[in-house]
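Structure record follows, encoded as structure tokens.
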Protein chains: 2
Amino acid sequence: MFLHVDPDSGLAIYDQIVRQIKFAVATGALPPGEMAPSVRELARELAVNLNTVSKAYQQLQVEGVLESVRGMGLAVASGALKQCRAERVKLVQERLREVLWEARQSGLDGDEIQKLIAAEMPAIDKKLASKLKGK
Amino acid sequence: MFLHVDPDSGLAIYDQIVRQIKFAVATGALPPGEMAPSVRELARELAVNLNTVSKAYQQLQVEGVLESVRGMGLAVASGALKQCRAERVKLVQERLREVLWEARQSGLDGDEIQKLIAAEMPAIDKKLASKLKGK
DNA sequence: CTCTGTGTCATAGCAGACTATGACAGCATG
DNA sequence: CATGCTGTCATAGTCTGCTATGACACAGAG
């Protein structure tokens, strides 16, 4: 799978799973109608407890991203693509706002922050490329 | 004081205090030789427990940012300014890297991320200005 | 029907962060 | 010396996230 969690990222693990599933739906990696990985499979793959994945899936179900198919598993809901595309901007924006605020608070001015961003971007691109290649 | 903590920011409260004290030193708001606010004063001001502030101060002491002055309190160390200025870039960079990576992972390309950043900046500037005015 | 896979629920336990108190030794000020 | 400030330490309790296990009902494949 395309997911990866960091136990000490600040964000709770189940929250990371929720976000990444939404992103996977938004990018089309998980198209509507397709089955999401089973709780047991994903738990094993992420080296995480079954209940942690289950908690994430329950939240995704409540939010309408996933739908339960009796005895089969959880499928991506039909309206999920549009919903996740809209939401991802909001999710990214919120975290971006926090970090930019902290950066300004640290005494760095707008130009310096822009330079840091410009310096990081190539590494991010490279990392993303190697991730896609590894698929 | 110039500090502010968010109980549900993901980051632990004592960690937020450590970071913000370092930033205050880096910006010159807390010059070397000056006394840091007492644990009790800061705890009251942030509506936080005494031990939480104490934990943050202990870490700052271990890292050499603060020095104990027997019976008086904790003073900003002489070499702390240079040290904090170097470190703040690293601290900001680390968080920036995380968020940019998540943003790319969400399927947004570099241009779209740049647009989001550009859209947030004015609000950040405004918030910073009103914070400085309130001093 | 049996077996296996699916999600779901319940319970118990652990660790980290935070809170709530109380107590101590040291120095400065009056 | 006495009072009040400082940091420091210790203990106990709460809450949240995560883990560990076991059990259940349901559906598809053989």
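Side chains are part of it too, since the values below use all heavy atoms of this structure and drop only hydrogens, waters and symmetry mates. Residue numbering restarts at 1 for every chain, and letters A, B, ... go by the order of the sequence lines.
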Open item on the list: Using a heavy-atom cut-off of 4.0 Å across all strands, would you classify A:Val69 as base, sugar-phosphate, or nothing?
Closed with: nothing
TODO: Choose from D:dT6, D:dT19, C:dG26 the nucleotide whose nearest atom is closest to any side-chain atom of B:Ser38.
DONE: D:dT6
Task: Toward the 5' end of DNA chain C, by each residue's nearest nucleotide, B:Leu50 or B:Lys55 - done: B:Lys55
Open item on the list: Could you check whether any side-chain N or O of A:Gln83 sits under 3.5 Å from a backbone N or O of A:Glu63, counting only pairs where one atom can act as donor and the other as acceptor?
Closed with: yes
- [ ] Taking only the side-chain heavy atoms of B:Asn51 (C-beta and beyond), determine which of C:dG26, D:dT11, D:dC18 contains the nearest atom.
- [x] D:dT11
- [ ] Looking at every strand, decide which applies to B:Gln61 at a 4.0 Å heavy-atom threshold: base, sugar-phosphate, or nothing.
- [x] sugar-phosphate
TODO: Measure from the side chain of B:Ala12, starting at C-beta and using heavy atoms only, and say which of D:dC26, C:dA17, D:dT8 lies closest.
DONE: C:dA17
Open item on the list: Tell me the interatomic distance from A:Glu41, atom CD, to C:dT6, atom P, rounded to whole angstroms.
Closed with: 7 Å
Open item on the list: Nearest whole Å is fine: how far is C:dT6 C1' from A:Leu66 CG?
Closed with: 14 Å
- [ ] Identify which nucleotide among C:dC27, D:dA20, D:dG7 has an atom closest to any side-chain atom of A:Asn49, counting heavy atoms from C-beta outward.
- [x] D:dA20
TODO: In whole angstrom, give the distance that lies between atom CZ of A:Arg40 and atom C1' of C:dT4.
DONE: 11 Å
- [ ] Tell me what B:Ser68 touches on the nucleic acid: a base, only sugar-phosphate, or nothing, going by heavy atoms under 4.0 Å.
- [x] nothing
Task: Candidate nucleotides D:dT19, D:dG7, C:dC18, ranked by approach to the side chain of B:Tyr14 - the nearest - done: C:dC18
- [ ] Go through D:dT8, C:dG7, C:dT19 for me and flag the one nearest to the B:Thr52 side chain.
- [x] C:dT19
